[in-house]
**Q** 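Can you keep this structure in mind? I'll have questions shortly.
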Amino acid sequence: MSNAPVTPPSAPNDFIRDIVKADLESGKYKSPVTRFPPEPNGYLHIGHAKSICLNFGIAHEFGGRCNLRFDDTNPTKEEIEYVESIIADVKWLIAGWADDRLGYKAAGTVPETKDGDFYQPAVVAAGFTPASQPGNAPVKGAATEPFYASDYFDALYAYAIELIRRGKAYVCDHTADEVDQMRGAPDRPGENSKYRDRSIEESLKLFVAMKNGEFPDGARTVRAKIDMASPNIWLRDPLIYRIRHASHHQTGDKWCIYPLYDFAHCLSDYIEGITHSICTLEFEVHRPLYDWILNALELPRPLPHQYEFAKLIPTYTIVSKRKLIQLVNDQVVAGWDDPRLPTISGLRRRGIPASAVRQFAYNIGVTKYNSVTDIAVFEHCIREDLNKRALRRLAVLHPLKVVITNLPADHFEELDAINNPEDVSTGKRKVPFSRELYIEQDDFAEVPPPKFFRLKPGGEVRLKYAYIIKCDEVIKDSSGKIVELRCTADLDSKTGGATSGRKIKGTIHWVSAQHAIEAEVRLYDRLFTEAEPEKDGRDFKTVLNPHSLEVVTGKCEPSLKDATAELRYQFERLGYFALDADSKPGKLVFNRTIILKDAWSKIEKKQG
RNA sequence: UCCCCGGUAGUGUAAUGGUAACACAACGGCCUUUGGAGCCGUAUUUCCUGGUUCGAGUCCAGGCCGGGGAGCCA
């Protein structure tokens, strides 16, 4: 975004950054190398944003690097569409902030080998494609590309063979059901596979045969030989390779065996020279296995270490790939980038600046405590950001006609309006004013409730940047609906005028009827009516907000015809708005990013 | 039931043995040509019990409560 820059947040403190700091001070590592390792089986969401901000934040603050790596070890669940959306989302989120810390590799390269050790160098920061240029996303075949666990399949295969050679892994012929049975339970030890002690040579031979496609899916697996009696179930001879005759989105039909997460992840980290491997709490019990594999191989370079933090759970939404897919497939929303979704592409389309997402990630902190984060914190960050950068404009979303009876029919003048009181450098603009206007229906009440200081019969209100008007007459149609207000203006009350200083309680926005341009305006609200949609096992579909989207045709001041997708707008007294991708010249479409804080609605609620 | 990890105002987060603080929310007030923004104010907040210590949110022990863990998912 090219307008008013937002002050970057100062670096936060948390237990992970404390560890990084200590590791750097002790000389354990020269600089931190983190990674963001999504599986391409869905779109990224606000929870991933927290992780991205943490990993790239560390790289940014401590002079390190963060690799984008696709954890693509399960071809049956992954799709190339997700790879592409993830690249776009990551680049958007770190653009202008930490994009110089984004680790890529030279296109088409695989890890370098030396004495059985594998190392995948990263492209230096200076070589990165600027993230701010759309269409330049590095993908396979370009000069640089993200990391893919699938690029390490040869290396991982070699490491698995080494593990078998060391007598620390074996090929197991038990069926999936048998393996399940023999794993035992949390309070009951498992039993050894009868293939556990077969010879190293036999395991080696069978593993090669597995790789060569000699067995059907599920016929055999490779297992680490650890301890079937361990209280940690992940140490009970966990599977590290399985047979899957499936085509992979990156490697095609080259492989019919694929490594499992626990084996692939720690070694991918090692291969890339990751120092701090940060993941969410549910992987805590996997850490002993992560360390076991790396130690069992007696690797020559410094080892990565895994640290876990609590994932983000915001109120009034859901962040679960499986459930987001459901909302998309059931057409509850219009797609992955529906502005009501907490997906990164949804936030972007809604008009939320990346800097607001980052600020949010900083504000909520990083701990190991399973917390629920009030979405109001995010909303605050969005308003704070947009308040500084948004250009003020006048727009009426639910129009009510007002005729200024003491003005001639051909009255026309242009009034000065301030573009952004928070940023005077944005200057002023002219807004046309004439005899017939539109005001917001809500800004008039025939029978005003207490403390209502907008327009009412016989009452006065100020038109922003224009005159003080008095409502003389309410005109209704045959059904009793108010269709027009007839008012008189205090012609000396314009800015700079003799009576401009008169104390009038209310100021409302307006547009000139004759000069207004129309726009489709999509009014988005929270997707759910409950703070915790799935509390106590409730089905989230039963608490969908039926008013999460309202589409209106708004009357906008004419300058809005030049609105751009890059800029952000505040429709005065209403909220923040951004041009939608559906917008075309002559057919404006705005998304409401978020409403302004609304003190009146609270008063109204209290009054019942 | 077994293993692992947590518990600080309403919600989050800080305080790294030395006066418990910050943000959001809520509620007052000031200001305002956005009922926005801004400014000022409002809270017997450390799960319980015991121990160590001159001193404990922090260290130790036991308990209570919550979360995670038995995919050929990640």
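Chain identifiers are assigned alphabetically (A, B, ...) following the order of the sequence lines, protein sequences preceding nucleic acid strands; residue numbering begins at 1 within each chain.
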**Q** Salt bridge or not for A:Arg69 and A:Asp269, using N-O below 4.0 Å?
**A** yes
**Q** B:A21 pairs with which nucleotide, Watson-Crick or G-U wobble, both distances below 3.5 Å?
**A** B:U13
**Q** Using the purine O4'-C1'-N9-C4 or pyrimidine O4'-C1'-N1-C2 torsion, is B:G17 syn (within 90° of 0) or anti?
**A**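 This nucleotide is in anti.
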**Q** Expressed as a whole number of Å, how far does the P atom of B:A56 sit from that of B:A70?
**A**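 Result for the P pair: 42 Å, nearest Å.
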**Q** Under 4.0 Å, heavy atoms only, any strand: does A:Tyr576 hit a base, just the sugar-phosphate, or nothing?
**A** nothing
**Q** Show every salt bridge (charged side-chain N to carboxylate O under 4.0 Å, His left out) that has at least one partner inside residues 372-382 of chain A, sequence neighbours left out.
**A**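 Counting only pairs at least two positions apart or across chains, the salt bridge (charged side-chain N to carboxylate O under 4.0 Å, His left out) contacts touching residues 372-382 of chain A are A:Glu379-A:Arg526.
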**Q** Over how many whole Å does the gap from A:Asn420 atom CG to B:U34 atom P extend?
**A**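 About 13 Å, once rounded to whole Å.
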**Q** Let me have a per-nucleotide readout for nucleotides 62-74 of chain B, 5' to 3', with B, S or -, counting only protein heavy atoms under 4.0 Å.
**A** -----SBBBSBSB
**Q** Quick one: ring pair (Phe, Tyr, Trp, His ring centres under 6.0 Å) partners of A:Phe452, sequence neighbours excluded?
**A** A:Trp600
**Q** Does A:Phe590 have any ring pair (Phe, Tyr, Trp, His ring centres under 6.0 Å) partners at least two apart in sequence or in another chain, and if so, which?
**A** A:Phe571
**Q** Separation of A:Arg392 atom CZ from B:U34 atom C1', in whole Å?
**A**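 It works out to 8 Å between those atoms.
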**Q** Tell me which nucleotide among B:U33, B:U34, B:G12 gets nearest to the side chain of A:Val372.
**A** B:G12
**Q** Do any N or O atoms of the protein come closer than 3.5 Å to N or O atoms of nucleotides 22-26 of chain B, and which pairs are they?
**A**
from, atom 1, to, atom 2, distance (Å)
B:C24, OP1, A:His380, NE2, 3.4
B:A26, OP1, A:Lys602, NZ, 3.1
B:A26, OP2, A:Lys602, NZ, 3.3

**Q** How many whole angstroms separate atom CG of A:Leu289 from atom C1' of B:C3?
**A** 15 Å
**Q** Rounded to the Å, how far apart are A:Phe15 CZ and B:C5 P?
**A** 13 Å
**Q** Using the C1' atom as the point on both nucleotides, what is the distance between B:A43 and B:A25, in whole Å?
**A** 13 Å
**Q** Here's a test of your reading of the structure: between A:Val366 and A:Lys503, which maps to the more 5' nucleotide of RNA chain B?
**A** A:Val366
**Q** For A:Lys597, which residues count as a side-chain hydrogen bond (donor to acceptor under 3.5 Å, both in side chains) partner, sequence neighbours excluded?
**A**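 Counting only residues at least two positions away or on another chain, A:Lys597 forms no side-chain hydrogen bond (donor to acceptor under 3.5 Å, both in side chains).
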**Q** Just checking A:Tyr369: base, sugar-phosphate only, or nothing, at a heavy-atom cut-off of under 4.0 Å?
**A** sugar-phosphate
**Q** For residues A:Glu78 and A:Asn41, is any side-chain donor paired with an opposing acceptor at under 3.5 Å?
**A**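 No.
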**Q** Please give the nucleotide sitting opposite B:A26 as a Watson-Crick or G-U wobble pair, both distances under 3.5 Å, or none.
**A**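 With both distances under 3.5 Å, B:A26 matches B:U42.
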**Q** Could you pull out all residues at least two apart from A:His286 that satisfy ring pair (Phe, Tyr, Trp, His ring centres under 6.0 Å)?
**A** A:Trp234, A:Phe283
**Q** I'd like to know if A:Arg389 pairs up with A:Glu422 as an ion pair, taking the criterion as any Lys NZ or Arg NE/NH1/NH2 lying under 4.0 Å from an Asp or Glu carboxylate oxygen.
**A**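 No.
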**Q** I need the single residue from A:Asp443, A:Thr507, A:Asp598 that forms a side-chain hydrogen bond (donor to acceptor under 3.5 Å, both in side chains) with A:Arg573. Which is it?
**A**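 Passing option: A:Asp443.
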**Q** Taking only the P atom of each, what is the distance from B:G67 to B:U1 in whole angstrom?
**A** 15 Å
**Q** Which residues pass the ring pair (Phe, Tyr, Trp, His ring centres under 6.0 Å) test with A:Tyr290, sequence neighbours left out?
**A**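 Checked A:Tyr290 against ring pair (Phe, Tyr, Trp, His ring centres under 6.0 Å); zero matches.
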**Q** Provide the distance between the two C1' atoms, one in B:C47 and one in B:A23, to the nearest whole Å.
**A** 24 Å
**Q** Looking across every strand, which nucleic acid part, if any, lies under 4.0 Å from A:Lys464 by heavy atom: base, sugar-phosphate, or nothing?
**A** base
**Q** Looking just at side-chain N and O atoms, do A:Tyr170 and A:Asp237 make a donor-acceptor pair shorter than 3.5 Å?
**A**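 Yes, because at least one side-chain N or O of A:Tyr170 sits under 3.5 Å from a partner of the opposite role on A:Asp237.
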**Q** To the side chain of A:Glu572, which of B:U33, B:U13, B:U34 is closest?
**A** B:U34
**Q** Give each protein N/O atom lying under 3.5 Å from an N/O atom of nucleotides 28-31 of chain B, with the pair distance.
**A**
from, atom 1, to, atom 2, distance (Å)
B:G28, OP1, A:Lys606, NZ, 3.0

**Q** When rounded to the nearest Å, what value does the distance between C1' atoms of B:G57 and B:C73 take?
**A**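 Approximately 40 Å lies between the C1' atom of B:G57 and that of B:C73.
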**Q** Suppose we screen for salt bridge (Lys or Arg N to Asp or Glu O under 4.0 Å). Which residues come up paired with A:Lys323, at least two apart in sequence or across chains?
**A** A:Glu534
**Q** How many whole angstroms separate atom CH2 of A:Trp600 from atom C1' of B:U34?
**A**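 Taking atom C1' of B:U34 as the reference, CH2 of A:Trp600 is at 16 Å.
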**Q** Are A:Arg183 and A:Glu191 ion-paired here, with the side-chain N under 4.0 Å from a carboxylate O?
**A**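 Looking at A:Arg183 and A:Glu191, the cut-off is not met.
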**Q** I'd like the P distance from B:U58 over to B:A9, given in whole Å.
**A**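 About 14 Å, rounded to a whole number of Å.
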**Q** So what does A:Ile603 hit on the nucleic acid, given a heavy-atom distance under 4.0 Å: a base, only sugar-phosphate, or nothing?
**A**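 Base, at least one base atom sits under 4.0 Å.
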**Q** Any residue in residues 493-501 of chain A with a heavy atom nearer than 4.0 angstrom to RNA chain B? Just list them by number, or reply none.
**A** A:Ser493, A:Lys494, A:Thr495, A:Ser500
**Q** Can a salt bridge be assigned to the pair A:Arg454 and A:Asp442 using a cut-off of 4.0 Å between side-chain N and carboxylate O?
**A** no
**Q** Please give, in whole Å, the distance from B:U11 P to A:Phe360 CZ?
**A**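 Nearest whole value for this atom pair: 16 Å.
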**Q** Describe the nucleic acid contact of A:Gln570 in one word from base, sugar-phosphate, nothing, applying a heavy-atom distance below 4.0 Å.
**A** base
**Q** Please measure how far the C1' atom in B:G38 lies from the corresponding atom in B:U45, and state the result in whole Å.
**A** 28 Å
**Q** Check the distance between B:C4's C1' and A:Tyr307's OH and give it to me in whole angstrom.
**A**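 Distance, rounded to whole Å: 17 Å.
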**Q** To the nearest Å, give me how far apart NZ (A:Lys505) and C1' (B:U34) are.
**A**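 For the pair A:Lys505 NZ and B:U34 C1', the rounded distance is 14 Å.
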**Q** State plainly whether the residues A:Glu308 and A:Arg287 are in salt-bridge range, i.e. N to O under 4.0 Å.
**A** yes
**Q** Under a 3.5 Å limit for both distances, which nucleotide forms a Watson-Crick or G-U wobble pair with B:U32, could you say?
**A**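 The answer is none; no pair meets the criterion.
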**Q** With P as the reference atom in both, quote the distance from B:U11 to B:G69 in angstrom, rounded to an integer.
**A** 24 Å
**Q** So, A:Glu532 and A:Arg538, do they make that salt bridge, N to O below 4.0 Å?
**A** no
**Q** Under 4.0 Å, counting only non-hydrogen atoms across every strand here, what does A:Tyr258 touch: a base, just sugar-phosphate, or nothing?
**A**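 No contact.
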**Q** For A:Lys225, check side-chain hydrogen bond (donor to acceptor under 3.5 Å, both in side chains) against everything at least two apart and list the hits.
**A**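 Here no residue qualifies.
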